[in-house]
Structures are given as C-alpha cells and as structure tokens.
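None of the values given here were measured: they were computed from a predicted structure. Any value given below was found using the heavy atoms of this structure, including those in side chains, with hydrogens, waters and symmetry copies removed. In this chain, residues are counted from 1 in sequence order.
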Amino acid sequence: MEAQTQANTKGTAGETVRITGAEAVIRCLLAEGVDLIYGYPGGAIMPVYDELYKYQDQLHHVLTRHEQGATHAAQGFARTSGKVGVAIATSGPGATNLVTGIADAQIDSTPMVCITGQVGSHLLGSDAFQETDIIGISTPVTKWNHQVTKAKDIPEVLAKAFYIARSGRPGPVLIDITKDAQFEEFDFKYEKCKGVRSYKPVPKTDPQTLEDAAALINAAKKPMIVFGQGVILGEAEEQFKAFIEKTGVPAAWTILGLSALPTVHPLNVGMVGMHGNYGPNKLTNECDLLMAIGMRFDDRVTGNLQTYAKQAKVIHFEIDPAEVDKNVIADVAVMGNVKNTLAKILPLVSEKKHEAWLQEFKDYDAIEFEKVIQNELHPTKEGLSMAEVIRNINEVTGGDQIIVSDVGQHQMIACRYAEFTKSKSNITSGGLGTMGFALPAAIGAKMGAMDREVIAIIGDGGYQMTIQELGTIFQQKLPVKIVVLNNEFLGMVRQWQELFFENRYASTEMTNPDFVKIAEGYHIEANRVSKREDLKEAVQKMIKFDGPYFLEVCVEKEGNVFPMIPTGASVSDIRLS
C-alpha cells in the first residue's frame, strides 16, 4: 500500500508523468492539499470518480444526497476550517443543482472550487443528453469559471482556480471538464499558481489614507465601528481586538461578522441591521464617525440609504475596490487586508476611552432588555420561545460551540442570543438568505472542526428543503446536533404578513410530518419537546450524546422577532414591537 501511495502521488510536485485528464483532476486536488470533497456522481463525471476510487486512502469523498447539499457542505467546511471547499457533480441537472450554493458562496465570500463533468466536446451546443451551458449559467455567480476541453489544460486551470478562490476577497470558482478531456492522456506536471496577470487580489494600501483615517479617529467624540466577515476572512481577529481596545470605540457587527469578537467583550455593542439591537441601530444616526471594517454596507444593515449616517464621517476598511462607494460614500477608504491595515494604523491612533458615548449604548440596551429581551429569554406565556432554546444551549456549551443556522426567524434569534467565545463559530447564509442551508452546511462545518460541538439551528420550513442530508450524516457517522424550532409556519414570511399585510397568512402555514420518526428512520437518536420544564434536560441530553442527535422543539406559532426595521425605513425607525 505504501508503494502504491508513493506511485499515486508521483507527478504532483513538478515531475512529469503520463496520465488521463481524470487522474490529473485528482492529482491536482492532492497537490493543493485537498483531502475532503463533497459530491454526487453521474455519467459525465464518471471518469473522475473512477480515478477517485483508486485514491480513497488520500482523498475522502462525501456522498451527499443532493448536489446543492454538496455545495453547502463545502461552504460549511470552508467557513470553519479556513480552507477551500470542494464540490463535484455531473453535467446537466447535476451542474445546475450546484448553482444555489455557488451563488450563496459568491455573495458571502466563501472560497470554493466546483468541478463539473460535461458532455464530449464534439457534442457541445447540440442539446445532447444532460448538456447545459453551466459556464453561461454560473458566470454571474462565480468569481471565475472556465470550461476545459483538452486534458493538457487541466493542471494550469485547476491551479488558477484554487488561487483565485482563496486569494483576496474569496469566492467560488467553477471548472467544467468535457468527458473526452477526462479520458484523454497527456504528460502531467503540476505547478501551483502564484499570480494571474491583471488580477490584483489585494490592493495596495496608500499610507496617506492611514494618516487621514487616524486623524478622523483621534478627533472623533462619538465614533462607532461596524465590522463584518472581512475580519474573519482576513484572520484579523487579534489586530481588530487590539485596535478597538486602544481606541475605545464601540463595535457592532453584521451577522457574518458575529464571533470575530467575543460576545462578552465590553466594547461589543451588538448586531446592526433589520433585526439587530436597538442601540447600535439608533446610534448609527448619531455617531460622528462611522468605521466600516470588512463589511459591504448591505441593504439589510443600512436600511434607507438616504438617511443612513448622514451626520458622520465614514472610514471604509476594505479589500474589494468594487465595494467602496458602492452604497455609502467613504470620506476615507483604507484598502487592503484588514489584518495588515489595522496593524499599520494602530501606532497612529490615540489611546482613548469613550465612556459617556459607550453609556449611551448601554442605556438603549436597558430599554431593549425591558421591552423585548426579558420577555423572550424568560417568557411568562405558555408557548416556548425560540430565544429560550438558544439560552439553554448557551448555558450548556458556555459559548464554545459552532452554531449553523438556516434562514428565517430562528436565524435572527440565533444571531441575537447565541454566545460565542471563538471566531469562525457563526455559520449562516447571509447575503443570499438560502433556506435549506443549515443541515448540509453543518456537515461541512463539523468536518472542518471535528474537535468542536456543531449545532444546527433550523426552522421547520428550511429543514424540509434539504432533509435528505440526514442520510449523509448517518452514513458519515457525524456527531452533528440538529435543533428544529417548529412553529408550523414559514415564520419570517408570516411575521411580515401580520405586520404589513393585515394578517393575511397566504401559503405560510405548514402541515408537517413527524420529524422524530424521520430522524429515527435514518438511525439518528431523536427527541421532541413542547413543555418548558422539559427543555433544559432535553438540551443537556442532546449535547452530551455521543453521536448525531435530533431535537424538535415546538415553539409558539405566532411569535415575532423584534426589534425590527421595516423595509425601506431608516435605522432610526427601528421598532421594539
């Protein structure tokens, strides 16, 4: 076996060996340090799978139950491991089933390489069986894509794919390989890509912008930070913490920035955006300096742009030039990886404590606690609230867990109330808002961080979109913990119907199956809770269980998530009820 392994890896480090295009795909993956891929086989990708069979000792393939599941699993893996996720599928419907996950990865800046099989090059454009123009389809939602029709091009194209996916602002890349290119033999040699002409992944930092930004920071009386996932992607957590502690600036987060700073940090003032915290939203329109660090001014964060932080000077720390001045005009744009730019600006800023300004956030916190939080965490009504489920999870895990949330009310509740002590702990679909994300993403998240507890928080609607991935969890024997918060509604849509459509609940009430029996059908330990007195023990049992576990919590049917900024309203118009 040892001799076979050595022979299999020959040619991956600069040597030349004659092999097929299909084997070249596998060797390219190995050369890039890939040891885990997610996928689903089919006719047009079968040559690659045949070669994969020979490399099972080096490259673990996870058979998901749907190609969309493969992409979300690859996303989850990338988000917790910091590596490039890899998904593989056949042509036609296999390729098109990847598109939702690719689009999700694109808008959330997740590094992923997707490899699809394609019909023979002589059949391209003929509407052959299972032929689709996946290059044309995926162009708007990929960082780069390319179709390979000759085996000799595979090494260079895949090397370029991995370089583009992981460099600068990360994102998904799709490589489509025709079946004849997979069969064709050529002299294989692999060299990692170190650069692409005209592609500058990290822009140069102008020293003058650092001086200008520091002058604004030092002069500000009411400065505020909104930080996003760029802090995590840039591995800048230490630099960011040092920066806020020296400047004393209150820091609020977007949902993808959550966990970059410990929840209990005294300068962590909560979440901004549509269902964010009261203080940071209200005070966005009262600060005199707004610093955006690794975030892109998404519409769910800004609300009405015509009224967003008009009184404030704006500093934008950003790696992607396309995001600067796109939504909010910056007075100073500091370009580059925030790990480097924050380190460079640290000596230039004064040490301060904005105690009176920070107290304003605390005052708003007290109002929010009285009007919203205490009723959600410690409800007096009979029905269980989503927030008290998250509270019980916090108590058991101590904030050391990874939470993978789907999309909807439960997502906003999880982001608002989950406590985190480590970075890369909040995995969710941000920009695309993909229902069905959480279950497969939890698979990848766990495989990217096997030493950590991974808990998927899912609504009953999104759960049923990818429920088949229970089969993947069972086959892989992954100790993922799954919590479905069942309110028998498409809860977020129902909330909007209640508030803005006069309680016309059009097509949002769910008649659900027996989720416990379904989990048990996949040989997964399962339980259901509907009473408050049983919740704590049920959560403890789930966390302690050695293996995958499913917990259904029946929560109040018509609970709402507050605070809330109505669509198109100013952040100042945030509602507490």
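- No side-chain N or O of N277 forms a donor-acceptor pair with one of D365 less than 3.5 Å apart.
- Within a 6.0 Å sphere centred on CG of D546, heavy atoms belonging to other residues, nucleotides or ligands number 12 at most.
- Within the structure, every pair that satisfies the side-chain hydrogen bond (donor to acceptor under 3.5 Å, both in side chains) test and touches residues 253-264, not counting sequence neighbours, is listed here: W253-N268.
- Atoms NE2 and OG, from H378 and S385 in turn, are 9.5 Å apart once rounded to the nearest 0.5 Å.
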Item to check | salt bridge (Lys or Arg N to Asp or Glu O under 4.0 Å) between D514 and R528, intermediate numbers included | outcome: CA-CA 10 Å; D514 188 328; R528 178 186 295 114; 2.7 Å; yes
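- Residues passing the ring-ring contact (aromatic ring centres under 6.0 Å, His included) test with F437, sequence neighbours excluded: H72.
- For Y53, the OH atom counts as loosely surrounded, since its 6.0 Å shell holds 12 or fewer non-hydrogen atoms of other residues, nucleotides or ligands.
- More than 12 heavy-atom neighbours from other residues, nucleotides or ligands sit within 6.0 angstrom of CD on Q56.
- For the pair P41 and I88, the minimum side-chain heavy-atom distance is 4.5 Å or more.
- Under a cut-off of 6.0 angstrom, the local environment of CZ in F501 is sparse, with at most 12 non-hydrogen atoms contributed by other residues, nucleotides or ligands.
- Remark: L256 CG to D298 CG distance equals 9.0 Å, nearest 0.5 Å.
- Side chain of R532 to backbone of G383: a donor-acceptor contact under 3.5 angstrom is found.
- V338 places none of its side-chain heavy atoms less than 4.5 Å from the side chain of Q239.
- Side-chain atoms of Q409 do not come within 3.5 Å of backbone N or O of Q495 as any donor-acceptor pair.
- Annotation: side chain of I543 is in contact with side chain of I455 (closest heavy-atom distance under 4.5 Å).
- No option in D35, V84, I115 other than I115 meets the side chain to side chain contact (heavy atoms under 4.5 Å, CB included) test with L29.
- Counting only distance, with no hydrogens or angles, the side chain of S425 and the backbone of T421 share no donor-acceptor pair below 3.5 Å.
- Under the salt bridge (charged side-chain N to carboxylate O under 4.0 Å, His left out) criterion, E556 pairs with K381, not counting sequence neighbours.
- Taking the ring-ring contact (aromatic ring centres under 6.0 Å, His included) definition, one finds that H523 meets it with F474, sequence neighbours left out.
- Heavy-atom neighbours of K371 NZ from other residues, nucleotides or ligands within 6.0 Å: at or below the threshold of 12.
- Checking Q411 against T428 by side-chain atom types alone, a donor-acceptor pair falls below 3.5 Å.
- A donor and an acceptor atom, one from each side chain of N512 and Q464, are located under 3.5 Å apart.
- The structure places CD1 of I319 at 9.0 Å from CG of L233, a figure rounded to the nearest 0.5 Å.
- By the 6.0 Å contact criterion, CZ on F297 is enclosed, its count of non-hydrogen atoms from other residues, nucleotides or ligands being greater than 12.
- For the pairing with K241, the salt bridge (Lys or Arg N to Asp or Glu O under 4.0 Å) check across E237, E245, E238 returns one residue only, E245.
- Scanning for side chain to side chain contact (heavy atoms under 4.5 Å, CB included) contacts around I574 gives Y278, N281, K282, P563, I565, with sequence neighbours left out.
- Residues passing the salt bridge (charged side-chain N to carboxylate O under 4.0 Å, His left out) test with R575, sequence neighbours excluded: none.
- The number of heavy-atom neighbours closer than 6.0 Å to CD of Q359, taken from other residues, nucleotides and ligands shown, is above 12.
- A donor-acceptor pair under 3.5 Å is absent between the side-chain atoms of T116 and the main chain of A95, judged by distance alone.
- With sequence neighbours excluded, no residue forms a ring-ring contact (aromatic ring centres under 6.0 Å, His included) with F369.
- Between the S423 side chain and the A260 main chain, no donor and acceptor come within less than 3.5 Å of each other.
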Checklist entry - Step by step, would you call Q497 with T508 a side-chain hydrogen bond (donor to acceptor under 3.5 Å, both in side chains)? => result CA-CA 9 Å; Q497 289 171 334; T508 48; 2.9 Å; yes
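- Take Y505 and apply the ring-ring contact (aromatic ring centres under 6.0 Å, His included) test, not counting sequence neighbours, and it matches F489.
- You'll find the side chain of T567 reaches within 4.5 Å of the side chain of W496, heavy atoms only.
- Note that the CD atom of E388 and the NZ atom of K536 stand 13.0 Å from one another [nearest 0.5 Å].
- A donor-acceptor pair shorter than 3.5 Å cannot be found between the side chains of R79 and N426.
- The one candidate from I37, L36, L30 that meets the side chain to side chain contact (heavy atoms under 4.5 Å, CB included) condition with V34 is I37.
- A donor-acceptor pair under 3.5 Å links the side-chain atoms of E469 to the main chain of H66, judged by distance alone.
- You'll find the side chain of E509 reaches within 4.5 Å of the side chain of K557, heavy atoms only.
- A donor-acceptor pair under 3.5 Å is absent between the side-chain atoms of N392 and the main chain of L535, judged by distance alone.
- Between the D460 side chain and the E488 main chain, a donor and an acceptor come within less than 3.5 Å of each other.
- Shown here are the side chain to side chain contact (heavy atoms under 4.5 Å, CB included) partners of A70, two or more places apart in sequence or in another chain: Y38, T64, A87.
- With sequence neighbours excluded, the residues satisfying side chain to side chain contact (heavy atoms under 4.5 Å, CB included) with Y463 are L439, I458, I467, L470, I482, V484, F515, F550.
- Looking at D108, its side chain does come within 3.5 Å of a backbone N or O of G431 through a donor-acceptor pair.
- Here C114 contributes atom SG and L174 contributes atom CG; the two are 6.0 Å apart, rounded to the nearest 0.5 Å.
- In this structure, the side chains of I473 and I443 come closer than 4.5 Å at one or more pairs of heavy atoms.
- No hydrogens or angles considered: a donor-acceptor pair under 3.5 Å links the side chains of N486 and E552.
- Note on residues 403-423: no pairs pass ring-ring contact (aromatic ring centres under 6.0 Å, His included), not counting sequence neighbours.
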Checklist entry - Checking side-chain hydrogen bond (donor to acceptor under 3.5 Å, both in side chains) for the pair R65/Q475: CA distance, chi angles, key distance, verdict? => result CA-CA 11 Å; R65 298 308 188 258; Q475 185 170 349; 2.8 Å; yes
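- Listed by chain and number, the residues in a side chain to side chain contact (heavy atoms under 4.5 Å, CB included) with N527 are V529, A538, Y549, L551 (sequence neighbours excluded).
- The main-chain N or O of D400 is never found under 3.5 Å from a side-chain atom of E453 such that the two would form a donor-acceptor pair.
- In this structure, L342 CG and K339 NZ are separated by 11.5 Å, a value rounded to the nearest 0.5 Å.
- Counting heavy atoms from C-beta outward, L384 and S530 have side chains that stay 4.5 Å or more apart.
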